[in-house]
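Keep in mind the model is a prediction, meaning the values are calculated, not measured. Proteins get letters first, then strands, A, B, ... in listed order; numbering begins at 1 in each.
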Protein chains: 2
Amino acid sequence: MSNKPTAKPTKSERTRAAILEAARELFTEFGYQAATVRDVAHRASIDPAMVIRYFGSKEELFARAASIRLNVPQLKVVDSQAIGETLVRHFLNLWEGPESSCGMAVLLRSAASNEFAAEKMRDVFAAQVRPVVASVGDPATAARRAGLVSSQLLGLAMCRYILRLPPVVDLSQVEIVRAIGPTLQSYVMATDEDAMCKI
Amino acid sequence: MSNKPTAKPTKSERTRAAILEAARELFTEFGYQAATVRDVAHRASIDPAMVIRYFGSKEELFARAASIRLNVPQLKVVDSQAIGETLVRHFLNLWEGPESSCGMAVLLRSAASNEFAAEKMRDVFAAQVRPVVASVGDPATAARRAGLVSSQLLGLAMCRYILRLPPVVDLSQVEIVRAIGPTLQSYVMATDEDAMCKI
DNA sequence: TCTATATGCCAACAGCTGTTGACAAATTCA
DNA sequence: TGAATTTGTCAACAGCTGTTGGCATATAGA
């Protein structure tokens with residue numbers, strides 16, 4: 001054990017990090033089922049048995065690899081007319097920015113055919129999207145408004161990064177912001193009179 | 001062979017139909033990988049070997065089960081102000097209507113983690129969505145406009161039917177039409193001046 | 001009736017899966 | 001130096017996968 005309370009001098013749990021990185025890459029590319037423990041081990045240049053010893057099981061490894069922090073910006077400090085654009089820009093940056101690999105691809109690849117991933121997706125929504133939307137407008141309608149926002153952003157991700165629908169892949173970031181920004185703006189700002197609650 | 005040119009009196013290729021129906025249900029619920037040939041056979045009350053003998057392979061069975069006809073209404077005969085609403089209503093009817101089982105669930109469950117399903121999804125877009133959108137407005141921008149429409153509708157399907165995000169599941173059909181209709185309207189009707197092409 | 005054909009079940013194959021335990025090499029610490 | 005702990009490899013397990021071939025049964029036509 002080299003777990004000193006402070007200052008961990010990185011032993012050979014570079015191995016652990018290597019496994020986790022390999023897992024992220026393969027889960028991102030092939031999804032939970034198709035990415036095998038043996039594949040992960042091979043990419044991390046280590047024996048499959050170590051993957052299990054370090055993470056307990058494939059499920060736990062996936063859970064580790066699928067942790068997401070959206071870091072959605074606080075909407076109250078944003079020009080209320082520019083909330084939609086801000087959200088789209090942030091979302092594009094999560095997927096295509098310099099650090100990229102926000103981890104959403106890991107989840108989105110598997111969420112459709114893996115209940116565990118789907119539940120984690122719902123958790124991310126409840127913990128990181130809904131609260132942000134709730135910070136502006138009527139809190140009573142926040143969940144619905146956040147749901148609409150998610151439907152558009154998740155659909156964008158599906159078409160652009162997962163299915164790779166050519167016309168959506170070909171769009172520039174600016175075009176996406178101009179097209180989808182107003183949509184999100186209307187969803188976030190929707191009131192009862194618009195369409196949200198009564199009938 | 002009881003394949004008379006006309007009037008097939010349905011031999012025991014009710015079996016074939018039973019297998020196909022079972023396959024549709026299981027592919028819809030669990031996706032391509034998780035739905036096994038043995039599961040399909042069991043649900044169709046027949047031996048797994050028969051599934052292969054009737055359809056050749058699991059892949060061919062999936063291809064059969066994943067055939068889709070969207071039957072998108074002709075937009076030229078629709079009030080040009082109501083195109084967005086029309087599209088949403090039609091989409092909701094495909095998923096929730098009396099006949100339901102439009103087959104999209106089969107594809108959408110697997111498209112994220114199965115390249116074959118993803119390609120079939122792109123084919124459906126190119127053959128059944130883009131042409132309809134191209135029938136109104138500038139044909140040169142039709143692919144992009146259809147891509148945006150697809151991003152919103154696919155996102156809706158993901159949230160409501162696949163991930164089952166509670167706030168999106170709880171929306172009534174009317175609420176969805178009122179919220180998303182205007183979005184699709186703006187996407188379908190978008191012109192260069194709006195946001196579509198230049199920069 | 002006998003025969004040919006369609007329909008179906010059974011057992012088994014080869015391959016892959018996650019996971020486990022025993023054992024070797026390397027490292028650390030005294 | 002020697003002993004203990006970490007880090008790793010290897011072989012094997014039990015279970016599942018799609019798929020195949022052989023053999024029984026039922027049906028239909030003569």
Side-chain angles (χ1 to χ4, degrees), chain A residues 1-4 7-24 26-27 29-66 106 109-110 113-117, chain B residues 1-4 7-24 26-27 29-66 106 109-110 113-117:
Chain A
M1 283 298 172
S2 72
N3 279 350
K4 302 173 184 178
K8 299 179 183 177
T10 67
K11 267 188 330 182
S12 282
E13 60 176 295
R14 264 172 302 176
T15 302
R16 208 186 146 87
I19 294 173
L20 199 57
E21 189 188 341
R24 283 215 175 89
L26 290 174
F27 283 142
E29 192 166 359
F30 302 106
Y32 177 79
Q33 294 216 60
T36 71
V37 171
R38 282 173 170 82
D39 291 341
V40 171
H42 182 73
R43 174 165 298 212
S45 303
I46 207 167
D47 192 89
M50 297 303 290
V51 175
I52 300 298
R53 264 236 294 251
Y54 271 101
F55 291 90
S57 72
K58 187 186 180 183
E59 268 213 342
E60 293 180 55
L61 174 63
F62 181 79
R64 288 280 175 180
V106 177
R109 275 265 184 227
S110 305
S113 53
N114 181 307
E115 179 53 26
F116 176 76
Chain B
M1 283 300 170
S2 71
N3 279 351
K4 302 172 182 178
K8 299 179 182 177
T10 69
K11 254 188 342 179
S12 283
E13 59 176 297
R14 264 171 303 175
T15 302
R16 208 185 148 86
I19 293 174
L20 198 56
E21 189 188 340
R24 284 215 175 89
L26 290 174
F27 283 143
E29 192 165 1
F30 302 107
Y32 177 78
Q33 295 215 60
T36 71
V37 171
R38 282 173 170 83
D39 291 340
V40 171
H42 181 74
R43 174 164 297 212
S45 303
I46 207 167
D47 193 89
M50 298 304 290
V51 175
I52 300 299
R53 261 234 298 251
Y54 271 101
F55 292 89
S57 70
K58 186 185 180 183
E59 268 213 342
E60 293 180 55
L61 174 62
F62 181 79
R64 287 280 175 179
V106 177
R109 276 266 182 224
S110 304
S113 53
N114 182 307
E115 180 53 26
F116 176 76

Out of curiosity, [X] [atom1] to [Y] [atom2], how far, rounded to the nearest 0.5 Å?
{"X": "A/Arg53", "Y": "A/Thr15", "atom1": "CZ", "atom2": "OG1", "answer": "11.0 Å"}
{"X": "B/Glu60", "Y": "B/Ile52", "atom1": "CD", "atom2": "CD1", "answer": "9.0 Å"}
{"X": "A/Leu61", "Y": "A/Arg24", "atom1": "CG", "atom2": "CZ", "answer": "9.5 Å"}

Practice problem: May I ask you to say what A/Tyr54 touches in the nucleic acid, namely base, sugar-phosphate or nothing, with a heavy-atom cut-off under 4.0 Å? | Solution: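 Counting heavy atoms under 4.0 Å across all strands, the contact made by A/Tyr54 is with sugar-phosphate only.
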Quiz item: Where do A/Gln33 and A/Ser113 come nearest, in terms of heavy atoms and distance?
Solution: NE2-O, 4.3 Å
Quiz item: What are the two closest heavy atoms between A/Ala22 and A/Val40, and how far apart are they?
Solution: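 In this case the closest contact between A/Ala22 and A/Val40 is CB-O, 3.7 Å.
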To the nearest Å, give me how far apart [atom1] ([X]) and [atom2] ([N]) are.
{"X": "A/Ile19", "N": "C/dG18", "atom1": "CD1", "atom2": "P", "result": "14 Å"}
{"X": "A/Ile52", "N": "D/dC13", "atom1": "CD1", "atom2": "C1'", "result": "14 Å"}
{"X": "B/His42", "N": "C/dC10", "atom1": "NE2", "atom2": "P", "result": "13 Å"}
{"X": "A/Arg14", "N": "C/dA26", "atom1": "CZ", "atom2": "P", "result": "16 Å"}
{"X": "A/Glu59", "N": "C/dT17", "atom1": "CD", "atom2": "P", "result": "17 Å"}
{"X": "A/Asp39", "N": "C/dG15", "atom1": "CG", "atom2": "C1'", "result": "14 Å"}
{"X": "A/Lys58", "N": "C/dT20", "atom1": "NZ", "atom2": "C1'", "result": "17 Å"}
{"X": "B/Glu13", "N": "C/dG8", "atom1": "CD", "atom2": "P", "result": "11 Å"}

Quiz item: Is a side-chain N or O of B/Lys58 found less than 3.5 angstrom from the main chain of B/Val51, in a donor-acceptor match?
Solution: no
Self-check item: Residues that A/Arg64 engages under side-chain contact (heavy atoms from CB on, under 4.5 Å), provided they are two or more places apart
Solution: A/Arg16, A/Leu20, A/Phe55
Practice problem: Answer yes or no: does a side-chain N or O of B/Ser57 lie under 4.0 Å from OP1 or OP2 of D/dG18? | Solution: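 Looking at the OP1 and OP2 atoms of D/dG18, neither is under 4.0 Å from any side-chain N or O of B/Ser57.
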Practice problem: Please determine if a side-chain N or O atom of A/Thr15 lies less than 4.0 Å away from the OP1 or OP2 oxygen of D/dT7. | Solution: no
Quiz prompt | Watson-Crick or G-U stems of DNA chain C, 3 or more pairs, under 3.5 Å, by first number | solution = C:2-13 with D:18-29, C:18-30 with D:1-13
Quiz item: What orientation do A/Phe27 and A/Tyr32 show, parallel under 30°, tilted 30 to 60°, or perpendicular over 60°?
Solution: parallel
Practice problem: Between A/Arg38 and B/Arg53, just flag the one whose closest nucleotide in DNA chain C comes earlier from the 5' side. | Solution: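 The answer here is B/Arg53.
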Quiz item: Under 4.5 Å between any side-chain heavy atoms of B/Asp47 and B/Met50, yes or no?
Solution: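 A side-chain contact exists here, since the closest heavy-atom pair is under 4.5 Å.
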Practice problem: Check each residue of residues 43-50 of chain A for a non-hydrogen atom within less than 4.0 Å of any atom in DNA chain C, then write out the ones that pass by number, or none. | Solution: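 Close to the strand are A/Ala49.
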